[in-house]
Amino acid sequence: MSELQELTAAVEKGNRKEAIRLTNLLIEAGMPPMDIVETGLVPAMSNVGEKFKNNEIFVPEMLIAARAMKEAMAIIQPLLTAAGIKPKYTAIIGTVQGDLHDIGKNLVAMMLKGANFNVIDIGTNVPPEKFVAAAKEHEAQLVGLSALLTTTMPAMKTTVEAFRTAGLNTVKIMIGGAPITQEFADEIGADGYSPDAASAVDLANKMVAA
Ligand code: B12
């Protein structure tokens with residue numbers, strides 16, 4: 001098994017110490033940090049999701065795996081963040097009301113920081129009015145909404161509507177998360193959708209420049 005495969009296995013099993021050790025090892029070996037995320041860490045969560053769906057594992061195992069993933073990501077985060085240049089744009093990011101999943105959202109936040117956005121992460125289970133208040137307070141150009149549950153997708157619609165009602169029409173809203181599609185984004189009037197963290201950065205740059 002390669003070290004990358006070992007990392008995937010360690011995160012899947014929720015073995016935090018191994019996940020940290022292998023992440024550091026791969027960094028020292030010169031692997032680009034984003035490659036570690038995309039080819040080592042993210043596949044672990046896909047496997048976990050598959051096993052959960054098949055009733056091979058349950059919520060506690062999912063939680064332990066998520067914690068191992070987060071600790072590995074915490075090592076990678078500083079390496080992705082650009083040093084010293086003053087950010088030009090501010091983005092608010094959060095997971096919508098009713099939804100506690102934050103790994104994907106954190107990844108998008110990390111990537112945006114790396115692309116020199118000033119990112120204000122307002123956490124999970126965020127009600128629409130909190131998104132609106134944060135965008136006003138920080139004079140954000142961009143808002144990112146994350147949802148991982150089909151049952152919380154309607155909260156994205158309510159959040160987009162809250163922005164429109166508040167008259168914040170210049171704030172661009174991008175959405176994402178495993179069950180989200182471009183079709184859904186169009187349906188609820190979001191300005192953009194992206195399937196992953198890397199393309200979220202391209203989308204964000206396009207949206208703020210428009
Ligand atoms: C880890 C996990 C959990 C952990 C979350 C820990 C945490 N801190 O996040 C815990 C154990 C808490 C959990 C709980 C639950 N979970 Co869960 N969970 C997962 C799991 C295995 C992985 C999610 C993940 O982190 N993926 C890795 C990240 C990197 O991927 P991602 O989130 O998709 O993000 C990427 C893109 O989507 C995109 N993206 C994400 N957000 C955004 C935002 C923007 C703006 C943009 C542009 C892009 C973007 O970019 C990211 C990076 O590339 C998924 C399975 C899966 N394959 O998704 C199930 C899954 C999402 N969970 C599921 C369920 C059912 C639940 C529970 C209801 C279980 C229960 N019975 O209690 C609860 C709900 C709790 C709640 N209210 O939120 C189901 C959802 C089914 C559905 N269709 O609705 C899934 C799909 C599992 C399954 N196969 O059944 N879960």
Side-chain angles (χ1 to χ4, degrees), residues 1-81 93-114 119 121-126 144-153 155-156 174-181 184 193-201:
M1 218 196 296
S2 76
E3 276 147 359
L4 202 59
Q5 288 167 324
E6 279 183 48
L7 175 61
T8 307
V11 171
E12 226 181 293
K13 283 192 221 122
N15 188 338
R16 291 150 73 183
K17 274 197 185 146
E18 258 315 85
I20 291 168
R21 185 185 72 81
L22 289 159
T23 302
N24 281 322
L25 202 86
L26 289 164
I27 290 168
E28 277 158 31
M31 184 167 215
M34 207 49 213
D35 288 0
I36 302 178
V37 174
E38 279 175 350
T39 55
L41 300 176
V42 171
M45 298 320 287
S46 309
N47 296 346
V48 167
E50 230 10 71
K51 287 187 177 160
F52 177 76
K53 202 166 63 187
N54 299 330
N55 290 322
E56 289 167 41
I57 60 163
F58 301 95
V59 172
E61 287 96 330
M62 216 161 43
L63 208 50
I64 295 167
R67 208 160 47 191
M69 165 113 184
K70 275 193 178 176
E71 295 203 11
M73 276 181 19
I75 303 171
I76 291 171
Q77 161 115 48
L79 303 175
L80 287 178
T81 309
I93 189 160
T95 306
V96 295
Q97 192 158 34
D99 203 319
L100 301 174
H101 294 85
D102 68 355
I103 296 176
K105 182 259 302 164
N106 294 346
L107 211 49
V108 175
M110 258 163 71
M111 290 295 284
L112 287 174
K113 277 183 199 163
V119 179
D121 186 340
I122 55 172
T124 60
N125 190 20
V126 180
L145 310 179
S146 181
L148 262 287
L149 299 171
T150 44
T151 49
T152 56
M153 287 167 66
M156 284 185 152
M174 68 172 183
I175 65 171
I180 309 303
T181 58
F184 179 70
Y193 154 77
S194 165
D196 57 57
S199 51
V201 170

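Heavy atoms only: backbone and side chains are in, while hydrogens, waters and symmetry mates are out. By convention here, the first residue in the shown sequence is residue 1.
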side-chain hydrogen bond (donor to acceptor under 3.5 Å, both in side chains) filter on N106, not counting sequence neighbours, yields none
Rounded to the nearest 0.5 Å, the CD1 atom of I76 sits from the CD1 atom of I27 at a distance of 5.0 Å
Across all chains, not counting sequence neighbours, the side chain to side chain contact (heavy atoms under 4.5 Å, CB included) partners of E18 are E6, A10, N15, R21, L22
Heavy-atom side-chain contact between I20 and N24 under 4.5 Å
yes
K51 meets the salt bridge (Lys or Arg N to Asp or Glu O under 4.0 Å) criterion, sequence neighbours left out, with E12
ask   = Does the pair V42 and L107 meet the rule for a side-chain contact (heavy atoms from CB on, under 4.5 Å), with working shown?
value = CA-CA 10 Å; V42 171; L107 211 49; 3.9 Å; yes
For P43, the side chain to side chain contact (heavy atoms under 4.5 Å, CB included) test, sequence neighbours excluded, returns T8
Closest heavy-atom pair, M153 versus F184, reported as atoms and distance to 0.1 Å, is O-CZ, 3.4 Å
Correct closest heavy-atom pair for P78 and I75 would be CD-O, 3.3 Å
A200 and S194 have their tightest heavy-atom pair at N-OG, 3.0 Å
Taken to the nearest 0.5 Å, the spacing of M111 CE from D196 CG works out to 8.5 Å
Heavy-atom closest pair (G176 atom, M156 atom, distance to 0.1 Å) is O-CE, 3.5 Å
With sequence neighbours left out, the residues meeting side-chain hydrogen bond (donor to acceptor under 3.5 Å, both in side chains) with T124 are none
Report, one line per pair, each donor and acceptor closer than 3.5 Å where one atom sits in a side chain of residues 94-101; sequence neighbours left out.
{"from": "T95", "atom 1": "OG1", "to": "H101", "atom 2": "O", "distance (Å)": "2.9"}
{"from": "D99", "atom 1": "OD1", "to": "H101", "atom 2": "N", "distance (Å)": "3.1"}
{"from": "D99", "atom 1": "OD1", "to": "H101", "atom 2": "ND1", "distance (Å)": "2.8"}
{"from": "D99", "atom 1": "OD2", "to": "L148", "atom 2": "N", "distance (Å)": "2.8"}
{"from": "D99", "atom 1": "OD2", "to": "L149", "atom 2": "N", "distance (Å)": "3.2"}
{"from": "D99", "atom 1": "OD2", "to": "T152", "atom 2": "OG1", "distance (Å)": "2.7"}

Report, one line per pair, each donor and acceptor closer than 3.5 Å where one atom sits in a side chain of residues 29-39; sequence neighbours left out.
{"from": "T39", "atom 1": "OG1", "to": "D35", "atom 2": "O", "distance (Å)": "2.4"}

d(L25 CG, L4 CG) to nearest 0.5 Å is 11.0 Å
Contacts of S46 meeting side-chain hydrogen bond (donor to acceptor under 3.5 Å, both in side chains) (sequence neighbours excluded), chain-then-number -> none
Could you tabulate the donor-acceptor pairs under 3.5 Å formed by side-chain atoms of residues 52-70, not counting sequence neighbours?
{"from": "K53", "atom 1": "NZ", "to": "E50", "atom 2": "OE1", "distance (Å)": "3.3"}
{"from": "N54", "atom 1": "ND2", "to": "E50", "atom 2": "O", "distance (Å)": "3.2"}
{"from": "E61", "atom 1": "OE1", "to": "F58", "atom 2": "N", "distance (Å)": "3.1"}
{"from": "K70", "atom 1": "NZ", "to": "D102", "atom 2": "OD1", "distance (Å)": "3.1"}
{"from": "K70", "atom 1": "NZ", "to": "D102", "atom 2": "OD2", "distance (Å)": "2.9"}

The side-chain hydrogen bond (donor to acceptor under 3.5 Å, both in side chains) partners of E71 (sequence neighbours excluded) come to R16
